[in-house]
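Side chains are part of it too, since the values below use all heavy atoms of this structure and drop only hydrogens, waters and symmetry mates. In what follows, chains carry the letters A, B, and so on, assigned in the order in which the sequence lines appear, proteins first and then strands, with residues in each chain numbered from 1.
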There are 4 protein chains.
Amino acid sequence: MTWGRMVCRRGAAPAAVPCDRPSGVRVPSTGMASLTFRTAGESHGPELIALVEGVPAGLAPDVAFMNAELRRRQGGYGRGGRQRIETDEVTFLAGVRQGRTTGAPIAIRIMNRDSRLDDPGRTPPLHRPRPGHADLAGAIKWLTDDCRDALERASARETAARVAAGTVASCLLRALDIECFGFVRGLRDALTTVEVTAENWRSMLEARDRSEVYCPDASASQRIIDHIRRAKVDRDTVGGWCEVHVFNVPIGLGSCVQWDTKLDGRLARAVMSIQAFKAVEIGLGRAVGGLPGSQVHDPIHFDAASAAARHLGYVRPTNNAGGLEGGMTNGMPIVVTGTMKPISTLLRGMPSIDLRTGEAGHSDYERSDVCALPAASVVMQHAVAFEVAGAVLEKFGGDSMRELRAHLDATERMARALRG
Amino acid sequence: MTWGRMVCRRGAAPAAVPCDRPSGVRVPSTGMASLTFRTAGESHGPELIALVEGVPAGLAPDVAFMNAELRRRQGGYGRGGRQRIETDEVTFLAGVRQGRTTGAPIAIRIMNRDSRLDDPGRTPPLHRPRPGHADLAGAIKWLTDDCRDALERASARETAARVAAGTVASCLLRALDIECFGFVRGLRDALTTVEVTAENWRSMLEARDRSEVYCPDASASQRIIDHIRRAKVDRDTVGGWCEVHVFNVPIGLGSCVQWDTKLDGRLARAVMSIQAFKAVEIGLGRAVGGLPGSQVHDPIHFDAASAAARHLGYVRPTNNAGGLEGGMTNGMPIVVTGTMKPISTLLRGMPSIDLRTGEAGHSDYERSDVCALPAASVVMQHAVAFEVAGAVLEKFGGDSMRELRAHLDATERMARALRG
Amino acid sequence: MTWGRMVCRRGAAPAAVPCDRPSGVRVPSTGMASLTFRTAGESHGPELIALVEGVPAGLAPDVAFMNAELRRRQGGYGRGGRQRIETDEVTFLAGVRQGRTTGAPIAIRIMNRDSRLDDPGRTPPLHRPRPGHADLAGAIKWLTDDCRDALERASARETAARVAAGTVASCLLRALDIECFGFVRGLRDALTTVEVTAENWRSMLEARDRSEVYCPDASASQRIIDHIRRAKVDRDTVGGWCEVHVFNVPIGLGSCVQWDTKLDGRLARAVMSIQAFKAVEIGLGRAVGGLPGSQVHDPIHFDAASAAARHLGYVRPTNNAGGLEGGMTNGMPIVVTGTMKPISTLLRGMPSIDLRTGEAGHSDYERSDVCALPAASVVMQHAVAFEVAGAVLEKFGGDSMRELRAHLDATERMARALRG
Amino acid sequence: MTWGRMVCRRGAAPAAVPCDRPSGVRVPSTGMASLTFRTAGESHGPELIALVEGVPAGLAPDVAFMNAELRRRQGGYGRGGRQRIETDEVTFLAGVRQGRTTGAPIAIRIMNRDSRLDDPGRTPPLHRPRPGHADLAGAIKWLTDDCRDALERASARETAARVAAGTVASCLLRALDIECFGFVRGLRDALTTVEVTAENWRSMLEARDRSEVYCPDASASQRIIDHIRRAKVDRDTVGGWCEVHVFNVPIGLGSCVQWDTKLDGRLARAVMSIQAFKAVEIGLGRAVGGLPGSQVHDPIHFDAASAAARHLGYVRPTNNAGGLEGGMTNGMPIVVTGTMKPISTLLRGMPSIDLRTGEAGHSDYERSDVCALPAASVVMQHAVAFEVAGAVLEKFGGDSMRELRAHLDATERMARALRG
């Protein structure tokens, strides 16, 4: 059984559907945050800081995992020179003692080796804004003709801090057996057609980790690499699509009761706010506009045998909803897709103007990548994890991991007892 | 010059682009909220309440406009019986005196004629959750086998209150000559191909208002209606795509400095949190994954002659970014696309179970529509307006409209003076 | 053993202590909010609205209690003519079905009988601001020479909505056997000298309810009434002191980890934001500046026999800390004192100016009370209850009362097991 | 003219007023935050971090001033050994480039020389909670019998980071000619009787800076020192009272429209959340409960000659309201008093128990001070400054200091024009 078949499970595939998801889009059968993070730091400042508040005491963050994810964020075919300079790793400045969280705010440092912001000679003003970047909007916003300050903070270098914060949330989820899996779906016409399920995701993860572009489909990987190589030759850039799936999620995270308590809205904000993202989709996403309801909604079954899992036995043969109905988790995997635009800095430049005079010219150039899609899939995975972890804490409370687990267990017992 | 031609402005359209936007997607050349709203009220409760805080004093809300928008939300080809019962209109309970806002919290009431929640006979328990709805997730969340409470609040009836809140923001924007235009792009294979620009949007709006499905393209309208009619015959439902464009936006709303200050993220949350939305896109949206950077990023020009407008003369021949770069407005129109899934309630029902026993059966039925896409385009328009108005107030402050305007003028003068 | 003796337990009372708490100040041995409320409504608008979000499902609000508290807020010796017009009572517009909360936002209406804001003849402009009121600051803030809008919203009439919101929280606390008791301590030189303890508070409450000024000490009550009567004769006004005690509080509400998570800070904000309050004290409050540490800090004992209560056996012979150490509850009763200033509207007027000209004159007059201290004690009781209830929900989570109770029980079991 | 006389300006001083403010307390005739700060760091961790968001671009923080205030926080007669080890100073890690803020989040580091948290030998577990500290509540909250984690974060060492954050706000205020002045009012029976006014505060500041206990009255200073010395001999501790005055405040900061927008409530939270504070008062504070309205409310005059100042000519002969009416600034100086309890750690110990067994014993000992009141006055000054700066930014908006100033000027022009 493939998902491609499932989604249109009551007849022929709709001929005219303007559906750009790879055939087989459909994900197989599968809140508001008291947890918060802030980041600080410029692209070429001395260091990046991530501040995470609301993590219960007694979590042992897996530093090896965190650093591995930071290195994955630095990697992927298509990255530029900056990543050869940096070797990102986390240092806990606060909130972690002897390897365990204390309940206090967690401060994490990532050093910038390429730190030179206080040297005006090495970080000159930038007067010709680069299309696609924060340069123009930022300069006008801050009433300056120098885009430097805007670009230093808007830079995707910041996502290192965001990954640091997000991996803490990922560790929390893993301590509750909730797992997030992020990968590259593809770009241009190179798309993974294999589907990810609760059953196969661990082997997909291994496949992803063998791919230079974090794509679990070897053939698609190769085509993706080809596209990147060609863009490089053309002095052009590419973006693409990434996906995150979250498994073993408790039912009832998020809430339908108010617009800003809905978990789908919160995931959308988390993903769209990642540098260069222009679209967010849940489950089938955009494609649902092209299908009738009978092919979209996921039937509800009850399977007592599978009641050991967090879905409590409420299983669905399809997961077109991406695990979210009414802004709440329904026990199926959460599935989110993000679209990243091509890197805004083109080696060949773009038409721009001089902010001091209005005169036309080529945009200024700052070192950049040809493609950062694999890195973006890492950022997105942990951005999604952060929101899910926050929703868990909101529903279950708890100042320590022991307390959180006890609350979760107490609730699950009552939920199981609902059926007479 | 049309925008359809501009987007792939350096050659032939990319052959393999899995781009489902109507050809010519591209919108023509073109913060965080201190403003808040909350809604309360159930689908069959006595009334809906919208509470809006942060509106400056001295705004004269256009009640006729607000009520007209509420009626548009009730309309559109494909609606069911509820809308024949209700005639939504706003009553200000607080925050408005003698037709002007006072600076105090604004409370708005919309009566429910079909109010019967306190009569258990007319709002019976619902034990067989409807796929696609909040029913299952809500029942488990609140530890009950009756989906009634979840469905009463999760119902799209709530969007009437959201439109009420949003139209206040729209009135604020209009008082600053910022205009929002929302419409139905299409569904299935029926898509508007005409593009909306800063120049043509008012005539597009007239065309939209002549369409039974709020679509400015008469031919697309007819095909949309045909699809809805067919779905009705099939006892099925349909969703689709809507778009909102915002014109004459000041540069520099939102901010790149922190993940949750980015206006694109905030717009994504606002749109994704609308009942039944599964995707949000900014500008070209999902399609940017299929294009090279050279065809995506919008060149920057300066045109002193057009410097009278809010873009301050920084014009772009294309608007693939949808007016947002680095999470900030860049002076071009904001363009957001939302995807609505088909209505979750199918007349023919869906496979479900009885929550009391786990036994398989057909889902329960609650009165519903075949298509609510036109209504959704109204909700989305005002949801977007709300976020933009909030970003305006954050940047410019001001306790009264006079003060807000004075701040806006003072800032624009300085921004214009940036060029030597 | 009395508390009066305990506080200075190591010798003679400090002679020079500028301590104005009644001798025996000391209360006997005994967060952050996911719960929120907003109010809307003007003093002479059609109605007041309270919106409460975050209440778990399954709470049965005690409407008789809520209305009784609203009536208490209207009463007390010293009130003016308005209270004879109004008979405040709550109507649930949303969030409560068949007598139980649903988890949805709760909207509560209180009608204003003296509604006349839309009649300019009966709510004329007010150009001579009344000292002590919001009039002057509000007029300048909103750039007007008419204080009407400021005064209509700043009016203490709003506290009816705040009590409505607060009593919902009080009901939640009572469902968990946490009880709040508010009363008038006194005014001028008329002060209650009896102390409130976990043992005697219920009889104190009965005494309070027999007092026209909500003071549990009959002799102090009489002297308070005498003061109010004299003020009335003098066409003057009086304020005074009220106290709230909260019993049976779980240990560990609030948190020391960040400035805004501390429950003492949150209580201070809640109380100081009540109309006309100018001071907030926790436990001994201001008096601790006049005592040495050895007479202030509360020794820690362990009493296994009393381990059935929420203090888990960690008892203190004194409660000078007012139940809060490090911004967290320590198992002893929370004790908060608020100081209310005299009513700002004096029948005899105060020197003021005409905002249109700057010319000196007497302040304008709006109907008012001579003393509203008893009413303020009701407002304060429920304002404190609201913060405590929020802190409970933050620590324990839970979407329904059943879930909340299960979480609380699970945590208490673990806390009791801490001692080997 | 002294304020002691002013307050009871219509006759004899009230004989029976249970007023513990030093005679003549009363201050002479004289909002909500988009600005946020977070701190992280433990008492013996490697460093403290302050994160400040919302500061406009273009502010040049006065680092010498910031460091001087940090050193003041370390000083004052009565401090213990820790302050001899540390030499606190700020390092900007983010948000400041070449001496000016950029609009990005500002991260500030203060190093801990006495860093040893990762060495269990030098930071042993603490099983006998110290009365007055977070120890007991924190241990139970986090389900542990070791108070170490709670005490490390609850420690007043954190206030160094809070001062760092607050001094940034103070710099912002000074750039707008708004000035904050904090000092020690006194302790036990040693109280300053001189009053602070808009006219004399600069010379008072000089006097304060000559005092070892930050008290502008030399005679009171000496008596305060005597008390501290005696407490030290007794192996006891003392607290006391501090005050902060803010001059040249724009009218209309904060708002009366909702409970949490009131500036007095926000100031109360800011002050009460400082370690060891137990009371907050605005203006006359607690004393207003002992006076009739005619002696409390401040008459309104208009003085065109003084219209050059921020009070716009609306002057008051007294300032019993402490500059706040209806939760808004009224143009007079803001006056806030805080009460600090005696240091909780007594050299002689206090009765406590062993958390592992419940057995009675003496509390554990951690190095501490005899009196930290002077330090607390520094913390309080900048905590108040932070709230006021936030209220300024809310009313006036502005992404850069230039923009903020232009908005402020535009508003003041309109406010002055109110009088015909």
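- If you measure heavy-atom distances from A:Arg128 to chain B, you find no contacts under 4.5 Å at all.
- Heavy atoms of A:Leu143 lying under 4.5 Å from chain B belong to its backbone as well as its side chain.
- Using modelled atom types, no side-chain atom of A:Ser155 and backbone atom of A:Leu151 make a donor-acceptor pair closer than 3.5 Å.
- Proximity to chain B is limited to the side chain of A:Glu158, based on heavy atoms less than 4.5 angstrom apart.
- Put simply, the side chain of A:Lys141 never gets that close to the backbone of B:Asn330: no donor and acceptor are under 3.5 Å apart.
- Contacts of A:Ala154 with chain B are made by both backbone and side-chain atoms, with heavy-atom separations under 4.5 Å.
- Put simply, the side chain of B:Thr339 never gets that close to the backbone of A:Gly289: no donor and acceptor are under 3.5 Å apart.
- When each of B:His227, B:Lys341, B:Glu359 is scored by its heavy-atom pairs under 4.5 Å with chain A, the top score falls to B:Lys341.
- Smallest separation of non-hydrogen atoms from A:Arg286 and B:Trp241: O-NE1, 3.1 Å.
- Contacts between A:Ala415 and chain B at a heavy-atom distance below 4.5 Å involve backbone atoms as well as side-chain atoms.
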| Under the salt bridge (Lys or Arg N to Asp or Glu O under 4.0 Å) criterion, do B:Asp260 and A:Arg38 qualify, and how do the steps go? | CA-CA 9 Å; B:Asp260 56 3; A:Arg38 316 304 292 161; 2.7 Å; yes
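- Heavy atoms closer than 4.5 Å to chain B are found in both the backbone and the side chain of A:Ser344.
- The part of A:Ala139 that comes within reach of chain B is its backbone (N, CA, C, O), which places non-hydrogen atoms under 4.5 angstrom from that chain.
- By the 4.0 Å N-to-carboxylate-O rule, B:Arg269 lies too far from B:Glu387 to be salt-bridged with it.
- Taking chain B as the reference chain and counting heavy-atom pairs below 4.5 Å, the highest number among A:Thr237, A:Ile251, A:Val280 is found for A:Val280.
- Heavy-atom distances place the backbone of A:Thr144, and not its side chain, under 4.5 Å from chain B.
- When B:Cys371, B:Gly132, B:Gly338, B:Pro250 are compared by the number of non-hydrogen pairs under 4.5 Å with chain A, B:Gly132 comes out ahead.
- Of the listed residues B:Ala360, B:Ser363, B:Ser352, B:Gly326, the one with more heavy-atom pairs under 4.5 angstrom with chain A than any other is B:Ser352.
- Your options are A:Val238, A:Val257, A:Asp303, A:Asp354, and the one with the most heavy-atom pairs under 4.5 Å with chain B is A:Val257.
- A distance-only check finds a donor-acceptor pair linking the side chain of B:His297 to the backbone of A:Pro342 [under 3.5 Å].
- Contacts of A:Met414 with chain B are made by both backbone and side-chain atoms, with heavy-atom separations under 4.5 Å.
- Of the listed residues A:Ala268, A:Ala304, A:Ala231, A:Ala276, the one with more heavy-atom pairs under 4.5 angstrom with chain B than any other is A:Ala268.
- For A:Leu312, the part lying under 4.5 angstrom from a heavy atom of chain B is the side chain only.
- A salt bridge does not link A:Asp264 to A:Lys262: none of the charged side-chain nitrogens sits closer than 4.0 Å to a carboxylate oxygen.
- In terms of modelled atom types and a separation under 3.5 Å, the side chain of B:Asp135 and the main chain of B:Arg130 share a donor-acceptor contact.
- Although no hydrogens or angles enter the test, the distance criterion places a donor-acceptor pair under 3.5 Å between the side chain of A:Arg316 and the main chain of A:Pro299.
- The backbone N or O of B:Asp236 sits nowhere less than 3.5 Å from a side-chain atom of B:Asp234 that would complete a donor-acceptor pair.
- Under a 3.5 Å cut-off, the side chain of B:Asp298 and the backbone N or O of B:Asn320 do form a donor-acceptor pair.
- Listed options A:Leu136, A:Asp145, A:Val336, A:Leu187 were ranked by heavy-atom pairs under 4.5 angstrom with chain B; first place goes to A:Leu136.
- Ranked by heavy-atom pairs under 4.5 Å with chain A, the list B:Lys395, B:Lys278, B:His133, B:Met340 is led by B:Lys278.
- Counting heavy-atom pairs under 4.5 Å between each of B:Arg162, B:Gln258, B:Arg153 and chain A puts B:Gln258 at the top.
- If you measure heavy-atom distances from B:Thr39 to chain A, the contacts under 4.5 Å come from both the backbone and the side chain.
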